Amino acid sequence: MRAGELLRRLDQRLLPPLVRALTGRDDPRPRLLGWVALASVGAVLLTAAWATDRSPVGDRTVGEVTRVGVGEGDSIPGYLRSAGDELAALPDPAPSASAGSTWALVSLAEYLPPERLAPVLGDVPVSAVFGRVPLPGRQTQIVRIPALRVPEDVRAGMIELADRKDREAADYRARGAELTGDTPQERELRGFYASGAEVAAVEAAAYRAGCSCVYAAVVRAEPARLRTVAARPGVRAVDPAPEIERLDRAVFTPPLPEQEDLVRPPADERLPTASSPPPTGRPVPTATPGGTVTSAPVPSAPTSPAGSGGATTAGPEPSGAGTSGPIDGHDSEPPP
């Protein structure tokens, strides 16, 4: 009920008896009742004003994004040292503590197939894994696959990725076939689309075969268990993030296994070099290497390296962005 309507109803109910009580002359009881009624009206009005002026308390975490991993130009040795130091300094919870687990980003030294993940990660609860088809000299898409069960969920995610990549390759070919002219711009665009179709087809075949494509994982465990994972062969770094309270407010950018000195996106050696803008109204193949793709974007061929942490065909997205099926694992959280 609005404040104006509430006050109007109070006036109709309380003012007539109040006026009659205040105008009484011989009997002292009406005057006493009048003062009581006046005090009651004041209390009700104050309460109504206080209730209508209160503002709802919103989610104070909206807009706050925690980033874990590396950025463009970062030193890989420096990142590995800082992650190790932070993990070593992480305090162990008391034996009776019930909430001592923390999120962490596990970076691997090489690309692994789904079947080899369990021996490396052990029994630590997993939320998602990061993958990329390591095609030499080509830019390929970084993907995040929810994986509460390893390796079953990883294999299932790869099959879905393969189907999606088949559709992307077909879309590239269809877009290229629409360009029937012989102008330099159309020849250039046909080259972009042909390159995109080729890469997407190779990615589809690799994921369908259960490729060695996984290079990082998001896990949650107690500090002692995280240190055990960090000591296993094949683990490059375990970067703890105790500041993360909501996984959908976090962005993870693990280093690629081939990045050893500085974070820089790989160049695509077979991608045509753009020399002029495309015709008006034509879709432009674009890329922003360095992010993680958690949705199924419109297929696009890479044009220029930018960003950090690897090569993708779409820019990085925060926890909680638009998703497409099980490829997005932002809301998949393992038990503590």
Side-chain angles (χ1 to χ4, degrees), residues 60-61 63-110 112 116-131 144-150 154 214-257 259-263 292 308-310 316 318-320 329-336:
R60 294 185 177 90
T61 65
E64 297 179 0
V65 176
T66 302
R67 301 184 180 274
V68 183
V70 295
E72 182 181 9
D74 285 353
S75 167
I76 295 296
Y79 168 72
L80 300 180
R81 284 194 302 270
S82 62
D85 293 343
E86 186 175 353
L87 180 61
L90 205 62
D92 289 308
S96 60
S98 59
S101 60
T102 182
W103 293 106
L105 176 63
V106 179
S107 300
L108 305 178
E110 60 179 328
L112 296 180
R116 290 183 56 191
L117 292 174
V120 175
L121 300 176
D123 60 350
V124 172
V126 179
S127 171
V129 300
F130 289 87
R144 174 175 174 162
I145 304 173
L148 299 183
R149 299 174 304 159
V150 175
V154 181
V214 177
Y215 67 96
V218 177
V219 303
R220 188 177 189 182
E222 298 78 15
R225 297 173 70 188
L226 293 177
R227 284 189 278 267
T228 299
V229 172
R232 290 196 178 110
V235 175
R236 197 177 189 189
V238 175
D239 188 0
E243 67 276 14
I244 293 179
E245 297 182 357
R246 293 180 54 176
L247 198 58
D248 61 350
R249 298 275 190 260
V251 174
F252 298 91
T253 55
L256 298 176
Q259 294 173 330
E260 297 180 351
D261 51 358
L262 296 177
V263 177
T292 60
S308 62
S319 298
H330 286 179
D331 297 326
S332 303
E333 301 187 11

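Predicted model only: the values in this text are computed from it and were never measured. Positions are given from 1 along the sequence.
- Between L247 and V218, the closest side-chain pair of non-hydrogen atoms falls below 4.5 Å.
- Across every non-hydrogen atom of Y79 and S82, the tightest pair is O-OG, 2.9 Å.
- Closest non-hydrogen pair, V235 versus V229, comes out as CG2-O, 3.3 Å.
- Enclosure of atom CZ in R232 by more than 12 non-hydrogen atoms of other residues, nucleotides or ligands within 6.0 angstrom is indicated.
- Looking at every heavy atom in both residues, L262 comes nearest to G73 through CD2-O, 3.7 Å.
- Just one residue in the list V70, L105, V68 forms a side chain to side chain contact (heavy atoms under 4.5 Å, CB included) with P254, and that residue is L105.
- Side chains of L90 and P242 form a contact here, defined as non-hydrogen atoms less than 4.5 Å apart.
- The minimum heavy-atom distance between L256 and R236, with the atom names listed, is O-NH1, 2.9 Å.
- Annotation: side chain of V126 is in contact with side chain of L121 (closest heavy-atom distance under 4.5 Å).
- Side-chain contact between L108 and L117 is present, with heavy atoms from C-beta onward closer than 4.5 Å.
- Ion pair R227/D92 flagged as a salt bridge, since at least one NZ, NE, NH1 or NH2 atom sits closer than 4.0 Å to an Asp/Glu carboxylate oxygen.
- Residues R144 and F252 have side chains in contact (heavy-atom distance under 4.5 Å, counting atoms from C-beta outward).
- Under the 4.5 Å side-chain criterion, counting only non-hydrogen atoms from C-beta, F130 is not in contact with S107.
- For the pair L112 and Y215, the minimum side-chain heavy-atom distance is 4.5 Å or more.
- Atom OG1 of T66 sits about 8.5 Å away from atom CD of E245, to the nearest 0.5 Å.
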| Stepwise side chain to side chain contact (heavy atoms under 4.5 Å, CB included) test for V238 and R225 | CA-CA 11 Å; V238 175; R225 297 173 70 188; over 6 Å; no
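- At least one side-chain heavy atom of I76 sits under 4.5 Å from a side-chain heavy atom of V263.
- For the atom pair OG of S101 and CD of E222, the computed distance is 5.5 Å after rounding to the nearest 0.5 Å.
- Between the CG atom of D261 and the CG atom of D74 there is a distance of 12.0 Å, given to the nearest 0.5 Å.
- The nearest pair of heavy atoms linking L226 to A221 is CD1-O, 3.8 Å.
- Between E86 and R81, none of the side-chain N atoms (NZ, or NE/NH1/NH2) sits under 4.0 Å from a carboxylate O, so this pair counts as no salt bridge.
- Within the model, atoms CZ of R220 and CD1 of I244 stand 9.5 Å from one another, a figure rounded to the nearest 0.5 Å.
- Nearest heavy-atom pair, V150 versus A118, reported as atom, atom and distance to 0.1 Å: CG1-N, 4.0 Å.
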| task | Run the numbers on V214 and V154 for side chain to side chain contact (heavy atoms under 4.5 Å, CB included), then give the verdict. | result | CA-CA 9 Å; V214 177; V154 181; 4.0 Å; yes
